Structures are given as C-alpha cells and as structure tokens.
*Asks:* 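Before I ask anything, here is the structure I am working with.
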Number of protein chains: 2
Amino acid sequence: MKLQLHIKMNEALFLRNPESSELGKNILKHSVSLIYKTGFEAFTFKKLAEEIGTTEASIYRYFENKHKILVYLAAWYWTWFEFQISFHTNNIKDPNTKLKKVIKLLTTKVEDDEQTNYINESLLHQIIIAEGSKSYLTKQVGEDNKHQLFKPYKDLCAVIGNVILECNPKYKYPRSLATTIIEMAHFQNFFMNHLPSLTDFGKHKEETELVSFLIDLVFSSLKKT
Amino acid sequence: MKLQLHIKMNEALFLRNPESSELGKNILKHSVSLIYKTGFEAFTFKKLAEEIGTTEASIYRYFENKHKILVYLAAWYWTWFEFQISFHTNNIKDPNTKLKKVIKLLTTKVEDDEQTNYINESLLHQIIIAEGSKSYLTKQVGEDNKHQLFKPYKDLCAVIGNVILECNPKYKYPRSLATTIIEMAHFQNFFMNHLPSLTDFGKHKEETELVSFLIDLVFSSLKKT
DNA sequence: TTTAAATAACAGTAATACTATCATAAATAA
DNA sequence: TTATTTATGATAGTATTACTGTTATTTAAA
C-alpha cells in the first residue's frame, strides 16, 4: 500500500473532474503522452479519443477544449512541483542551500513517480518546458486568471520568492527573480536542446552547466547588500 | 524623400516575397494588426483575407501557413531590433552604458517609425512579447532552424553576448545571459500587465522598474571577477 | 502590342472544433 | 430488489479552419 497524495484541482479547470473516473484518468494520462509525442498544436480531441478508445464527445464532457487541458496539466505540475520543493528542502535550514536545491530541482530531469498515479511526471516536465508558457500566452489570460487557473504557478513563485528573501531580506525583486529562475530553467533547457547557439552549454548538453549559470546569476544578485 | 532601409529576409520564410508587391505588403501590415487584435491562435487566413479585401488563396501564394507568418514577423523584428541597437549605441564607447541602453531598448515601448514602411513596429513589439516564443516552441523547431529561420534572433543574441563580454571578458555565460535579458524583458513585461503577482512591479506598471530589475540582475553577475 | 505573371473569383476537400440526440451500461438510492 | 439517476458509447451533424485547384481577368513587362 503506497501513500497517494492527492492534488485538489480548481473546479474551473474542468467540466467534470477527470480524477473521478477511469475515463477521466485516461484522458489525463493519454493527454500527457500525446502532447509529448505530437506537440500541443497537433494535439486534438479526435486523436486523443482514438488513443483512449473512446469518443470525442466523451472527452468534451470533461474538458471544454484542449487549452483547458494544457492549463490543467500546468496547474497540476506546479502544484506537484511545489510539493517536491517542500519535500526535498524539508531539512535544509540555510536558505542559500535551499535556493540552490530549488534551482537543481527545476533544472534536473524529473523521474517518474513509478506509477504512483496516472500522470507521468517525467513526460509532463518535458511538456511544461516546451508548451508551458502557451498556457498563459493567450488572449484569455485575463479571464483564466480571474478563475485562479494560474494560482499554482503564482504560489510557487511566492514560495521561491520567500526563499530569496530569506537569503537577502533587502533584495528588491524576489518575485521577478523567482519567475526568472523558473522560466530560464526551462527556456535555457529548450534552447540547449533545440537552438544551442542561444546558450553557452550547447555541445555537451550538460544540465550541470545550466545549474551553474542560474546559481551564478541568482547569487550574484543576492550577494550584493 | 525618406531613407528606407531594407531588410533582406531569408527566402525559406515565404513562397513569394511579400515585399515585392502591394498585396504582399498588405499581408504583412494586416497580419500585424490582426494578430495584435485577435492573438495568434484566433488569427486565420480567412479573416486576414477579409481585412485586406482579397482571398485566402492569394495569401497562400505568399505564405505556406500562419506559422510561417509569425516566424517571418519575428525574424523581421529581431533584424530590425539589431539595427536599433547599432543605431542607438553607435557613439557609446563604454560597454556598460551600451548594455544598459540595450536593456532599455528591449524594455521600452517601441514607437512606430511613422509609416516608414508597412510594418508597425510598435504593434509588432507587442506581438513579439505575447507570441514571439511560439515561433520556436514547436515540434518543427529543428526543421525551421535548419532553414536558418531563427538566424536574426541568434545574431542578436551574439551581438548582446559580445557587449556582455566587453563588460567582463571572463564572464562564462554571455549567450545565456543575453537570451535571459531578451526573454525576461518580454516575459516580465507580459506578467506585469497580465499576471502582476508574478512580478515586483505590478501596481504602477512602470517599465523603469523592470529596467532596474534587469540592470541589477545583469550587472551583479558581470561585476564579479 | 503581345505575352507573361499576378490576382480575383469561385469551387471543393479534409480536418478540426465543437453540439446534440439517443441507447445502453453501470452505479446508487429507495 | 427495483427504480432511477448518471456516465459512457454510438452516431450524426454543423461551422470553421486549413488548405488545393481551376479559370477568368487584370496588371506589368518584353
């Protein structure tokens, strides 16, 4: 018997809670593998239905459209990731060490939680790198934001921002630095793999170098008085 | 008689050169205003054709699909922006001052070049902020990159990277820092306007604060030996 | 002035993004 | 247990998107 931690999702994300049924869980599971495989643009409810062995109409009972699935997955991921942080930094007192750990967690390949649930965190991590920003770079961002759909991302930003303030209470831009860390962990990773000349760690594709870059960037700013 | 500077675009971006005809120029002009108005997702060739007063088929003779238009506009913008840098930093010898100028240019609202040409740089700047990363966050990024479609962005990154190296020849991550500056200038701006709690300059929406954040971030890293 | 090229006008197809209806199966409540 | 609600499957259908193709007409070049 394994401990299952359950993430309670914002109800505005779905029409019917996908966690409440087998079909719903299949929608999540196969959304992850299908978006991973085809990319978000080519991902359709038709293809998803075929993968699952159900119909488009059935999927529409769970999610309004594919954009909502992406926002759902992003929200799930950030909630899960915030837990990862609290888990892995649990015993760490020194905020500097804690912040370094956060950077490493953001940068390192995620290992799948061994079928703990229907979401493959490792694939989802890759999806968030390549598609995550599309969840808010839309015309509906204001509307979606009103419904609190980005709360998990904001909460994470606040958590990291607080660690930053612990490192240097006088630092003036904790939230912007937090989002910079998050976004750059992902963008630099994407660039490293697809547009390497935009980075300084192209050839070897070593994540450790990306970690070094981010740590240097962040702690230079924080060391100043 | 005004001096028109002409940007020679990569031929892989289009089927027929849009700069070679009135219709082509109209496609560019109205693409900018329509993407600005509706967002890239809702932007279609049908709507574009209606705006221009032409047919879908005619537009397809210029561009393969709407993604290519976005990549075209992004390429145009970065080429134009690189020129802006060389223009505005022309007499500046001190690399630190130069880098600050670059940050300000990236962050400040662009003023339209007074009908110098068919592209409204001010609107395009807003488009690049909200849609720019969608030009490469796709499954075709490798293919597009092979055709050099992202060369203007890479060139800009190299230019800024060189200024960074002038500031501190020992700095190890000039390109990654350059892309960080570029992307964060845009993302923080987007957050400021749409998801303000992700930043530290929400309420007043002052670009000057964003500039301060970026300058602090960058020069902290570069001051170290 | 002829001829070539570009565009408009129109038709048509396949895929996408949905909505609606009805039958049936499964879960739940009486 | 049966009645009833609820979820799903099966199927159909619509509007829009993303294209391709054909022909006539206009415009520009030789």
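Not measured: the values here are computed from a predicted model. Below, read A as the first sequence line, B as the second, and so on, with proteins coming before strands; counting in each chain starts at 1.
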*Asks:* Cation-pi check for B/Tyr36 against B/Lys29: NZ or CZ below 6.0 Å from the six-membered ring centre and within 45 degrees of the axis, yes or no?
*Replies:* no
*Asks:* Is the phosphate of C/dA8 approached by B/Thr54 (side-chain N or O, under 4.0 Å from OP1 or OP2)?
*Replies:*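 Looking at the OP1 and OP2 atoms of C/dA8, one of them is under 4.0 Å from a side-chain N or O of B/Thr54.
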*Asks:* What integer distance in Å separates A/Ile59:CD1 from C/dC18:C1'?
*Replies:* 13 Å
*Asks:* Does the side chain of B/Glu41 come under 3.5 Å of the side chain of A/His67 through a donor N or O and an acceptor N or O?
*Replies:*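 Result is no, nothing qualifies.
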*Asks:* Send over the distance from A/Phe63 CZ to C/dA17 P, rounded to a whole Å.
*Replies:*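 Going from CZ in A/Phe63 over to P in C/dA17 covers 16 Å.
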*Asks:* If I take atom CD in residue A/Glu22 and atom P in nucleotide D/dT6, what distance separates them, rounded to the nearest angstrom?
*Replies:*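 That distance rounds to 21 Å.
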*Asks:* Rounding to a whole Å, what distance do you find between B/Lys66:NZ and D/dT17:C1'?
*Replies:*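 One finds 9 Å between C1' of D/dT17 and NZ of B/Lys66, rounded.
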*Asks:* Search all heavy atoms of A/Cys157 against all heavy atoms of A/Arg175 and return the closest pair with its distance.
*Replies:*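 Closest heavy-atom pair between A/Cys157 and A/Arg175: SG-O, 3.7 Å.
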*Asks:* In whole angstrom, give the distance that lies between atom NZ of B/Lys46 and atom P of C/dC10.
*Replies:*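 B/Lys46 atom NZ is separated from C/dC10 atom P by 14 Å.
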*Asks:* Taking the side chain of B/Tyr62 as heavy atoms from C-beta outward, which of C/dC10, D/dA18, C/dT7 is closest to it?
*Replies:* C/dT7
*Asks:* Ignoring hydrogens and angles, state whether a donor on the side chain of A/Gln188 or A/Thr199 is under 3.5 Å from an acceptor on the partner side chain.
*Replies:* no
*Asks:* Just how far, in rounded Å, is C1' of C/dA14 from CG of B/Asn65?
*Replies:*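 So the CG-C1' distance, B/Asn65 to C/dA14, works out to 16 Å.
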*Asks:* Just compare D/dT8, C/dA8, D/dT17 and give me whichever is closest to any side-chain atom of B/Thr55.
*Replies:* C/dA8
*Asks:* Looking only at the side chain of A/Ser21 (C-beta and beyond, no hydrogens), which of the listed nucleotides D/dT17, D/dT8, C/dA17 gets closest?
*Replies:* D/dT8
*Asks:* Can you check the A/Glu50 CD to D/dT11 P distance for me, whole Å?
*Replies:*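 These atoms are roughly 14 Å apart.
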*Asks:* Any idea how A/Phe14 and A/Phe63 line up, ring-wise: parallel (<30°), tilted (30 to 60°), or perpendicular (>60°)?
*Replies:* perpendicular
*Asks:* When you measure from the side chain of A/Ala57, which nucleotide among D/dT11, D/dG9, D/dG21 comes out closest?
*Replies:* D/dT11
*Asks:* I want to verify a distance call: between C/dC18, D/dA7, D/dA18, whose nearest atom is closest to the A/Arg16 side chain?
*Replies:*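 Minimum distance to the A/Arg16 side chain belongs to D/dA7.
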*Asks:* Compare the minimum distances between each of C/dA20, D/dG9, D/dT22 and the side chain of B/Arg61, then state the nucleotide with the smallest one.
*Replies:* D/dT22
*Asks:* Looking only at side-chain N and O atoms, does B/Ser58 come under 4.0 Å of OP1 or OP2 in C/dT7?
*Replies:*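 So the side chain of B/Ser58 is outside the cut-off, no N or O lying under 4.0 Å from OP1 or OP2 of C/dT7.
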*Asks:* How many Å lie between OH on A/Tyr60 and P on D/dA7, as a whole number?
*Replies:* 20 Å
*Asks:* When the nearest nucleotide of DNA chain C is assigned to A/Glu41 and to B/Gly24 on a heavy-atom basis, which residue is associated with the more 5' position?
*Replies:* B/Gly24
